[in-house]
Undergrad: 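Pasting in a structure now, in structure tokens, and then I'll have a few things to ask.
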Amino acid sequence: MKTTVLAALALALAAAPAVAQDYNASANYGDVRLAPGFTPDPHLISLRAGGSIDASTRFNTCRGFITAQPDVRLWWDGKGSLNLKISAISNADTTIVVNGPNGEWYCDDDSGDGSNPVVTLSPVAGRYEIWVGTYSSGETRPAVVSISEISNF
């Protein structure tokens, strides 16, 4: 009986969905390599925002539902003199979550135009993971990630 209970528990745990963001997973919409002064600016990536993981389980300040793997991975080459603005543009109410190369997490909802999110960073060289969320679990909506040194597009 004890073996049966342990086997059932192991099976249930193995079948449980992941509940954390996996910043090492392959990005849903690929990798982008940019350096200070990149053109064209902004760099735009079309995607479908949303997922089934509640971003607030990562940090209290994060909002929305996202996928386990990042939507976009940005490789930033160098330290520019300008801020880097990572935003999402959508007709839906979206959120954004960014993991920086220093291990810091940045979240936003509605700091951009309308109900669009934007995170403004003083970038350092390295890898940034970007997630775009929606407010309903499992709902995906068209969105565009904008990466810019000059403005929020």
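Quick note: numbers below take in every heavy atom, side chains included, and nothing from hydrogens, waters or symmetry partners.
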Undergrad: Kindly give the heavy-atom pair with the smallest separation between Arg63 and Ser56, and that separation in Å.
TA: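 That closest heavy-atom pairing would be NH1-CB, 4.1 Å.
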
Undergrad: How would you list, by chain and number, every residue that makes a side chain to side chain contact (heavy atoms under 4.5 Å, CB included) with Asn83, sequence neighbours excluded?
TA: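 By the side chain to side chain contact (heavy atoms under 4.5 Å, CB included) rule, Asn83 matches Thr120, Ser122.
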
Undergrad: On a heavy-atom basis, which atom in Val72 and which in Val32 lie closest, and how many Å separate them?
TA: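 Smallest heavy-atom distance, with atoms named: CG1-CG2, 4.0 Å.
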
Undergrad: Backbone N or O of Pro42 within a donor-acceptor pair of the Ser146 side chain at under 3.5 Å?
TA: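 Checking the backbone N and O of Pro42 against the side chain of Ser146, no donor-acceptor pair under 3.5 Å is found.
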
Undergrad: Using a cut-off of 6.0 Å, state whether more than 12 heavy atoms not belonging to Asn102 lie near its atom CG.
TA: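 Yes, enclosed.
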
Undergrad: Looking at residues at least two apart in the chain, or sitting in another chain, which of them share a side chain to side chain contact (heavy atoms under 4.5 Å, CB included) with Arg73?
TA: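 So Arg73 forms a side chain to side chain contact (heavy atoms under 4.5 Å, CB included) with Ala27, Asp31, Pro70, Trp75, Arg127, Glu129.
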
Undergrad: Counting heavy atoms not belonging to Tyr23, are there more than 12 under 6.0 Å from its OH?
TA: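 It does not: Tyr23 OH has 12 such atoms or fewer within range.
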
Undergrad: Strictly by disulfide bond (SG atoms under 2.5 Å apart), give each pair with a member in residues 72-103 just once, sequence neighbours left out.
TA: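 As it turns out, there is no disulfide bond (SG atoms under 2.5 Å apart) pair with a partner in residues 72-103 once direct neighbours are skipped.
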
Undergrad: So, does Tyr29 use its side chain to make a donor-acceptor pair with the main chain of Arg48 at under 3.5 Å?
TA: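 Yes.
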
Undergrad: Quick one: list whatever passes side chain to side chain contact (heavy atoms under 4.5 Å, CB included) with Ser137, sequence neighbours left out.
TA: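 In terms of side chain to side chain contact (heavy atoms under 4.5 Å, CB included), with neighbours along the sequence ignored, Ser137 is linked to Ser52, Phe65.
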
Undergrad: Going from OG1 on Thr134 to CZ on Arg141, what distance comes out if it is rounded to the nearest 0.5 angstrom?
TA: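 Thr134 atom OG1 to Arg141 atom CZ measures 8.5 Å (nearest 0.5 Å).
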
Undergrad: To the nearest 0.5 Å, how far apart are CG in Leu82 and CG in Asp41?
TA: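 One finds 9.0 Å between CG of Leu82 and CG of Asp41.
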
Undergrad: Taking all non-hydrogen atoms of both residues, which atom of Ala143 and which atom of Ala49 are closest, and how far apart?
TA: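 Answer, listing the atom of Ala143 first, then Ala49: CB-CB, 4.0 Å.
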
Undergrad: Working to the nearest 0.5 Å, report the span between CG of Leu121 and NZ of Lys85.
TA: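 Leu121 atom CG to Lys85 atom NZ measures 11.0 Å (nearest 0.5 Å).
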
Undergrad: Check Asp71, Ile66, Ile86 against Ile130 for a side-chain contact (heavy atoms from CB on, under 4.5 Å) and give me the one that passes.
TA: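 Testing Ile130 for a side-chain contact (heavy atoms from CB on, under 4.5 Å) against Asp71, Ile66, Ile86 leaves exactly one candidate, Ile86.
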
Undergrad: Any salt bridge (charged side-chain N to carboxylate O under 4.0 Å, His left out) involving residues 100-112? Give me the pairs, sequence neighbours left out, ordered by first then second residue.
TA: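 Sorted pair list comes back empty.
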
Undergrad: Check Val124 against Pro101 and note the closest heavy-atom contact, atom names and distance.
TA: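 In terms of heavy atoms, the two residues are closest at CG2-CG, 3.7 Å.
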
Undergrad: Test your reading of the model: is there a side-chain donor-acceptor pair from Trp131 to the backbone of Thr67, 3.5 Å cut-off?
TA: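 Side chain of Trp131 to backbone of Thr67: a pair is present.
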
Undergrad: Would you check if the side chain of Glu149 reaches a backbone N or O of Gly37 as a donor-acceptor pair within less than 3.5 Å?
TA: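 Side chain of Glu149 to backbone of Gly37: a pair is present.
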
Undergrad: Could you report the tightest heavy-atom contact between Val97 and Trp105, atom names first, then the distance?
TA: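 Nearest pair, atom of Val97 first, then Trp105: CG1-CE3, 3.8 Å.
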
Undergrad: Show the nearest heavy-atom pair for residues Leu84 and Phe38, with the distance to one decimal.
TA: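 Heavy atoms only, the tightest pair is CD1-CE2, 4.3 Å.
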
Undergrad: Within the distance-only criterion (no hydrogens, no angle test), does the side chain of Asn116 pair as donor or acceptor with the backbone N or O of Ser90 below 3.5 angstrom?
TA: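 Yes, the answer is positive, given that a donor and an acceptor are paired below the 3.5 Å cut-off.
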
Undergrad: If you look only at pairs with a residue in residues 102-131, which of them pass as a disulfide bond (SG atoms under 2.5 Å apart), with sequence neighbours excluded?
TA: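 Only Cys62-Cys107 qualify under disulfide bond (SG atoms under 2.5 Å apart).
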
Undergrad: Using only atom types and a distance under 3.5 Å, with no angle test, would you say the side chain of Thr94 pairs donor to acceptor with the backbone of Val132?
TA: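 Flag not set: sc Thr94 to bb Val132 has no pair under 3.5 Å.
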
